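Protein chains get the first letters and strands the later ones, always in sequence-line order, with residue 1 at the start of each. If you're wondering where the values come from, they're calculated on a predicted model, not measured in any experiment.
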Amino acid sequence: MAGYNFNEIEKNWQQYWAQKATFKADNNSTQPKYYVLDMFPYPSGAGLHVGHPLGYIASDIVTRYKRHKGFNVLHPMGYDAFGLPAEQYAIQTGQHPAVTTEENIGRYREQLDKIGFSFDWSREVRTSDEAYYKWTQWIFIQLFNSWFNKSTGKASPISELIALFEASGNASIDAACDETKIFTAEEWKTYSEQDQHKILLNYRLAFLSEAMVNWCPELGTVLANDEVKDGVSERGGYPVERKLMTQWSLRISAYSERLLQGLDTLEWSDSIKEAQRNWIGKSEGTSLTFEAGDDSIEVFTTRPDTIFGVSFLTLAPEHELVNKLTTPDRKAAVDAYVTMAKNRSERERMADVKTISGEFTGAYAKHPFTGTPIPIWIGDYVLAGYGTGAVMAVPGHDSRDYAFAKHFNLPIIEVVSGGDLSIESYDAKEGVLVNSDFLNGLDVKSAIKTAIKKIEAEGLGKGKTNYRLRDAVFGRQRYWGEPIPMYSKDGIPYPVAEKDLPIALPEIDKFLPTETGEPPLARAKDWTYNGYPLETTTMPGWAGSSWYYLRYMDPHNDKELASEGAINYWQQVDLYIGGSEHAVGHLLYSRFWCKFLNDIGKVPFDEPFKKLVNQGMIQGTSCLVYRVSNEKKIVSAGLKNQYDTTAIHIDVNIVNNTIVDIEKLKEWRPSEFADADYELEDGKLICDNEVGKMSKRWHNVVNPDTICQQYGADTLRLYEMFLGPLQDAKPWSTQGIEGVLRFLRKAWRLFHNNTEENFQLSDEAATKAELKILHRTIKKATEDIDNFSFNTSVSAFMVCVNELQELKCNKREILEPFIVLLSPYAPHIAEELWKLCGHQESIAKATWPVFNPEHLIENEFNYPISFNGKVRFNLNFALDMDVKVVEQQVIANEQTQKYLEGNAPKKVIVVKGRIVNIVV
RNA sequence: GCCCGGGUGGUGGAAUCGGUAGACACGCAGGACUUAAAAUCCUGUGGCUUCACGGCUGUGCGGGUUCAAGUCCCGCCCCGGGUACCA
């Protein structure tokens with residue numbers, strides 16, 4: 001049958017595109033640019049499943065559409081090739097991660113090619129290539145050589161800071177830094193080189209410091225906060241504990257405010273922006289000092305208005321004053337509590353949120369206004385890492401303080417009216433202040449202002465903004481990552497000279513830590529630089545992915561990360577598509593690096609990704625058959641209740657719409673199924689479905705290759721778009737894929753006669769009806785791509801083909817523009833038909849058809865409205881126009897007539913020829 | 001707990017700025033073509049009711065605004081995702 005042979009067509013065109021380099025993007029073009037980026041994949045051993053291409057298909061549609069619209073489009077692809085799984089595999093098998101990574105990339109590429117994406121493969125990047133990570137290391141060194149000047153809100157060279165120190169010490173410098181003693185210029189000059197470097201480390205944007213980190217013993221490495229979920233590692237799900245370690249970190253907290261402000265300029269979904277806002281966690285409040293004998297305790301509060309409601313202070317168990325304040329009689333209890341709190345893992349602490357624990361230190365502080373003694377407690381609900389690690393407890397108006405007070409029987413004072421404190425605390429920022437001296441009678445908002453003023457006037461504290469965002473731990477005790485390009489001399493870290501980059505990953509005998517517990521790189525022979533020991537930790541997975549979008553602009557440049565010309569031409573990523581699981585990790589780090597590179601003059605923009613679209617996850621549908629317990633008997637799903645059965649997950653690829661192919665089942669696992677008895681329903685073995693993550697474990701992985709083989713890549717592409725809105729999560733199912741294939745066959749037959757043998761195209765002029773169909777589709781297809789509503793576009797194509805088929809339309813004037821509309825979705829069939837139409841060049845070079853609203857106005861539709869004014873017609877499209885009609889009559893139902901009585905209509909709304917609203 | 005989404009036929013999902021609810025597709029039922037099958041085409045398909053024309057009802061629940069509500073407002077219920085002692 002000489003019908004629509006998708007396998008052959010697709011193979012041919014994929015070859016053609018590769019040979020002709022059809023999709024190569026030019027860095028020197030006079031066309032306007034458009035940059036479409038996909039989140040590049042980590043090449044795992046499992047290969048691609050049908051969920052992976054979803055976002056790539058959407059981005060490819062936009063890419064091809066923009067090319068038709070005359071844009072020079074950059075649409076690259078690469079691999080996020082460093083990462084834990086390859087290393088874990090290496091530990092188990094001894095296979096070098098570079099080898100497995102290479103193999104996996106090969107498989108990915110093969111699978112991607114089959115779907116017919118229009119990537120410019122000449123720009124492929126891999127984060128594990130030396131030529132790539134040379135620049136990742138280079139950026140790290142720039143961070144090391146920079147400090148953040150709060151008064152300008154920007155990063156500046158560290159040399160500038162040294163000059164400032166030499167001129168006037170550090171007292172007047174407003175920098176993002178760790179706590180540093182104040183020194184004068186004279187004192188600075190007397191410091192040794194070593195001491196000076198130690199001080200500078202407090203200011204550098206990449207710095208070495210001793211800090212509490214998330215340590216994962218199972219993985220043998222530290223993790224950043226976003227790599228820890230529910231107290232276990234995101235990768236692997238291993239327990240994570242707190243540990244004090246000397247670590248490389250990046251001072252991302254310096255950029256908190258800019259990262260927050262920048263969100264307002266982005267076209268991202270509200271949920272992702274909100275997640276980032278929460279992660280940054282800005283809160284405005286005031287610091288306030290409580291005197292406790294010779295010591296003073298500083299607290300941070302967002303509710304200074306409740307100052308008269310303070311009935312105790314709570315310190316974090318790790319607070320530095322705990323030891324000093326504790327009275328001798330309380331010492332034993334407090335020490336025991338502190339030890340216990342320290343040893344609890346993050347996970348235990350989190351699982352235990354509801355248990356209230358704490359101890360009284362025996363000490364008292366003085367209330368700053370009333371002078372009343374206030375007991376000082378410790379409790380692990382106060383976090384050492386946030387604010388000052390101490391809180392003023394206002395049990396009446398903070399639920400955590402309330403719970404603590406109830407548990408230990410501490411006084412609860414009402415200072416804001418509106419709640420019932422016998423039941424719960426009243427946390428709302430509404431109500432009138434009571435029992436509060438000079439604040440009495442004020443509402444909460446003005447009370448906050450008045451309180452801050454008073455606190456500042458009396459020198460008790462000052463207005464302050466806190467951020468939840470912590471600095472990012474950057475060193476990993478792993479092998480398969482970028483070596484941190486630093487060496488150590490006299491205990492001080494120095495960067496490797498730029499001319500000596502990259503510091504290549506060394507070969508080592510085993511991918512494990514050394515016997516003394518040092519990271520794997522310590523196994524390398526002669527791991528030194530000019531005779532000094534090199535850093536043995538490597539960078540985290542997100543390092544390479546934080547700037548890869550820049551490398552695509554100029555991927556083979558060995559002089560810089562990308563040329564100024566290339567960056568200036570391509571600018572920001574116009575459209576970024578990927579999963580929402582990177583909401584606070586990758587997307588935040590990339591923004592941070594972009595802002596930094598902007599500060600040092602490397603990139604002319606402040607945000608990397610202008611528009612972001614998150615595709616939903618495609619879940620797996622697993623199939624369950626039932627085996628009768630203790631028997632070798634399989635029963636159909638409808639009969640399972642008649643027996644005592646166990647459910648078995650079987651391979652979804654041998655099931656067709658809940659009907660199991662028994663022969664294939666027997667082949668799949670002969671030992672289990674070949675000689676089993678089967679009890680069927682209507683001669684069929686029916687299985688149950690269950691929706692969950694697509695994974696090998698549930699035998700529910702569907703490969704795109706299989707679908708391409710069976711239905712064709714164009715059908716796969718259309719079907720994945722047709723499945724529902726791009727952003728929604730949806731379970732994979734092939735129910736309905738037939739309909740898409742049917743549609744493509746119909747489209748094919750528009751160009752071929754009924755026996756599907758001969759290609760026929762008529763040059764006859766199109767009729768009004770045909771033009772109407774076409775232009776309705778042009779309008780819809782154009783708008784839908786702009787709105788990311790790909791699923792409704794597919795429907796529109798189906799309607800279009802059905803209607804043209806009914807009219808037996810095979811006119812060039814209609815069909816040629818139609819294939820162009822279809823080509824972003826189904827590029828192979830479009831290319832084939834385009835060629836058959838007599839075109840020499842790829843359809844990619846064709847121009848997008850222009851919508852002409854004239855064709856949508858029906859002749860027989862005469863405006864039956866008696867007024868001069870603005871009418872909105874809601875036909876198959878929305879079109880506003882001013883009409884002046886002379887001979888008319890208003891057609892209205894009884895209700896409307898009544899409504900109209902005595903009023904001259906100003907606006908009439910007509911839907912498909914019917915008046916639906918008349919505005920008077 | 002808090003913050004985002006969302007709830008529409010047997011199923012996936014349409015419905016623009018408040019304007020014919022259920023586009024399109026799957027599935028199902030019936031029919032045509034065929035020796036037969038596949039493929040293709042046609043008809044029907046929210047529910048109730050009616051021989052039929054038609055009528056009534058219908059977008060998680062309860063109220064409200066409006067000539068008109070899936071859409072807007074108030075109060076609930078349920079589901080999905082994120083986040084968690086951040087003072």
Side-chain angles (χ1 to χ4, degrees), chain A residues 1 3 229-230 269-275 277-279 281-283 285 299-303 306 314 316 349-350 352-356 379-383 385-394 397-401 403-404 427 466-470 580-581 583-584 614 616-617 657 718-719 722-725 727-731 733-740 742-743 745-746 749 754 756 780 783 787 789 791-800 802 805-806 872 874 876-880 892-900 909-920:
Chain A
M1 190 178 72
K229 294 254 148 76
D230 301 324
S269 73
D270 289 339
S271 64
I272 297 270
K273 287 199 208 178
E274 204 51 36
R277 282 191 196 106
N278 290 339
W279 193 259
K282 180 179 184 174
S283 61
V299 303
F300 174 76
T301 179
T302 55
R303 293 294 301 274
T306 62
T314 316
R349 220 164 137 158
M350 285 175 46
D352 224 19
V353 172
K354 293 207 172 77
T355 330
I356 292 146
D380 70 357
Y381 81 96
V382 177
L383 303 175
Y386 183 78
T388 60
V391 301
M392 59 175 224
V394 184
H397 306 284
D398 180 289
S399 55
R400 293 152 305 177
D401 296 339
F404 197 85
D427 297 14
N466 258 328
Y467 299 91
R468 198 183 82 110
L469 185 64
R470 297 275 83 95
S580 55
E581 66 274 17
V584 288
N614 301 111
M617 221 199 347
N657 296 341
L718 276 162
Y719 182 60
F722 184 64
L723 223 43
Q727 290 88 342
D728 292 3
K730 51 221 149 207
S733 119
T734 46
Q735 285 194 17
I737 197 168
E738 299 277 353
V740 173
R742 236 168 255 165
F743 155 72
R745 286 207 183 107
K746 271 188 213 172
R749 279 202 309 273
N754 279 340
E756 297 190 5
K780 184 82 178 125
E783 284 174 354
N787 300 326
S789 178
N791 54 329
T792 53
S793 251
V794 179
S795 293
F797 293 145
M798 291 179 174
V799 173
C800 180
N802 283 343
Q805 182 192 247
E806 207 161 303
R872 195 180 137 182
N874 238 332
N876 298 316
F877 65 107
L879 185 65
D880 284 22
N893 62 22
E894 207 179 317
Q895 228 169 9
T896 314
Q897 294 280 13
K898 216 169 173 184
Y899 175 58
L900 277 174
I909 296 175
V910 180
V911 176
K912 292 185 186 172
R914 254 160 83 174
I915 298 168
V916 293
N917 192 18
I918 300 178
V919 180
V920 292

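- By the salt bridge (Lys or Arg N to Asp or Glu O under 4.0 Å) test, A:Lys780 is found to be paired with A:Asp784, residues two or more places apart in sequence or in another chain being considered.
- Between the CZ atom of A:Arg468 and the C1' atom of B:G82 there is a distance of 12 Å, rounded to whole Å.
- In this structure, A:Asp401 atom CG and B:A87 atom P are separated by 12 Å, rounded to whole Å.
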Taking only nitrogen or oxygen atoms into account, show me every contact under 3.5 Å that the protein makes with nucleotides 40-44 of chain B, one pair per line with its distance.
unit_1: B:U40; atom_1: O3'; unit_2: A:Arg749; atom_2: NH2; d: 3.4

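- Straight-line distance from the NZ atom of A:Lys273 to the C1' atom of B:G5: 16 Å, rounded to whole Å.
- With sequence neighbours excluded, no residue forms a ring-ring contact (aromatic ring centres under 6.0 Å, His included) with A:Phe722.
- Two residues are said to be in side-chain contact when any heavy atoms from C-beta on lie closer than 4.5 Å; A:Leu383 and A:Tyr381 fail this criterion.
- A:Ser283 approaches A:Tyr386 most closely through the heavy-atom pair OG-OH, 2.8 Å.
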Dot-bracket assigned to RNA chain B with the 3.5 Å Watson-Crick/G-U criterion, [ ] for crossing and | for other-strand pairs, is (((((((..(((......[....)))((((((.......))))))((((....))))..(((((..]....))))))))))))....
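- Considering only residues two or more places apart in sequence or on other chains, A:Arg277 meets the side-chain contact (heavy atoms from CB on, under 4.5 Å) condition with A:Leu260, A:Leu263, A:Asp264, A:Lys273, A:Glu274.
- In this structure, B:C76 is classed as anti because its glycosidic torsion departs from zero by more than 90°.
- Per the geometry, CE belonging to A:Met617 stands 11 Å off C1' belonging to B:G80, to the nearest Å.
- Checked against side chain to side chain donor-acceptor pair (under 3.5 Å), A:Thr306 has no partners two or more places apart in sequence or in another chain.
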Using nucleotides 10-15 of chain B, report all nitrogen or oxygen pairs with the protein that are shorter than 3.5 Å.
unit_1: B:G12; atom_1: O2'; unit_2: A:Leu723; atom_2: O; d: 2.8
unit_1: B:G13; atom_1: O3'; unit_2: A:Asn791; atom_2: ND2; d: 3.4
unit_1: B:A14; atom_1: OP1; unit_2: A:Asn791; atom_2: ND2; d: 3.0

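- Going from atom CG of A:Asn278 over to atom P of B:A84 covers 10 Å, rounded to whole Å.
- For B:G9, the base is syn relative to its sugar; the glycosidic angle is within 90° of 0.
- Atom CH2 in A:Trp279 sits about 13 Å away from atom P in B:G82, given to the nearest Å.
- Distances shorter than 4.0 Å separate none of the side-chain N or O atoms of A:Tyr381 from OP1 or OP2 on B:A87.
- Counting only heavy atoms from C-beta on, A:Asp398 has its side chain closest to B:A87 among B:A87, B:A25, B:C4.
- With sequence neighbours excluded, the residues satisfying salt bridge (Lys or Arg N to Asp or Glu O under 4.0 Å) with A:Glu783 are A:Lys779.
- In terms of position along RNA chain B, the nucleotide closest to A:Val584 lies nearer the 5' end than the nucleotide closest to the other residue of the pair A:Val584 and A:Gly387.
- Under the rule for a side chain to side chain donor-acceptor pair (under 3.5 Å), the partners of A:Asn802 that lie at least two apart in sequence or sit in another chain are A:Lys746.
- Residues forming a salt bridge (Lys or Arg N to Asp or Glu O under 4.0 Å) with A:Arg468 (at least two apart in sequence, or on another chain): none.
- In this structure, the side chain of A:Asp398 does not engage the main chain of A:Asp427 through any donor-acceptor pair within 3.5 Å.
- With sequence neighbours excluded, no residue satisfies side chain to side chain donor-acceptor pair (under 3.5 Å) with A:Thr388.
- Scanning for salt bridge (Lys or Arg N to Asp or Glu O under 4.0 Å) contacts around A:Lys282 gives A:Glu257, with sequence neighbours left out.
- Look at A:Ser283 and you'll find a side-chain N or O under 4.0 angstrom from OP1 or OP2 of B:A87.
- Heavy atoms of A:Asn802 sit under 4.0 angstrom from primed sugar atoms or phosphate atoms, though from no base atom.
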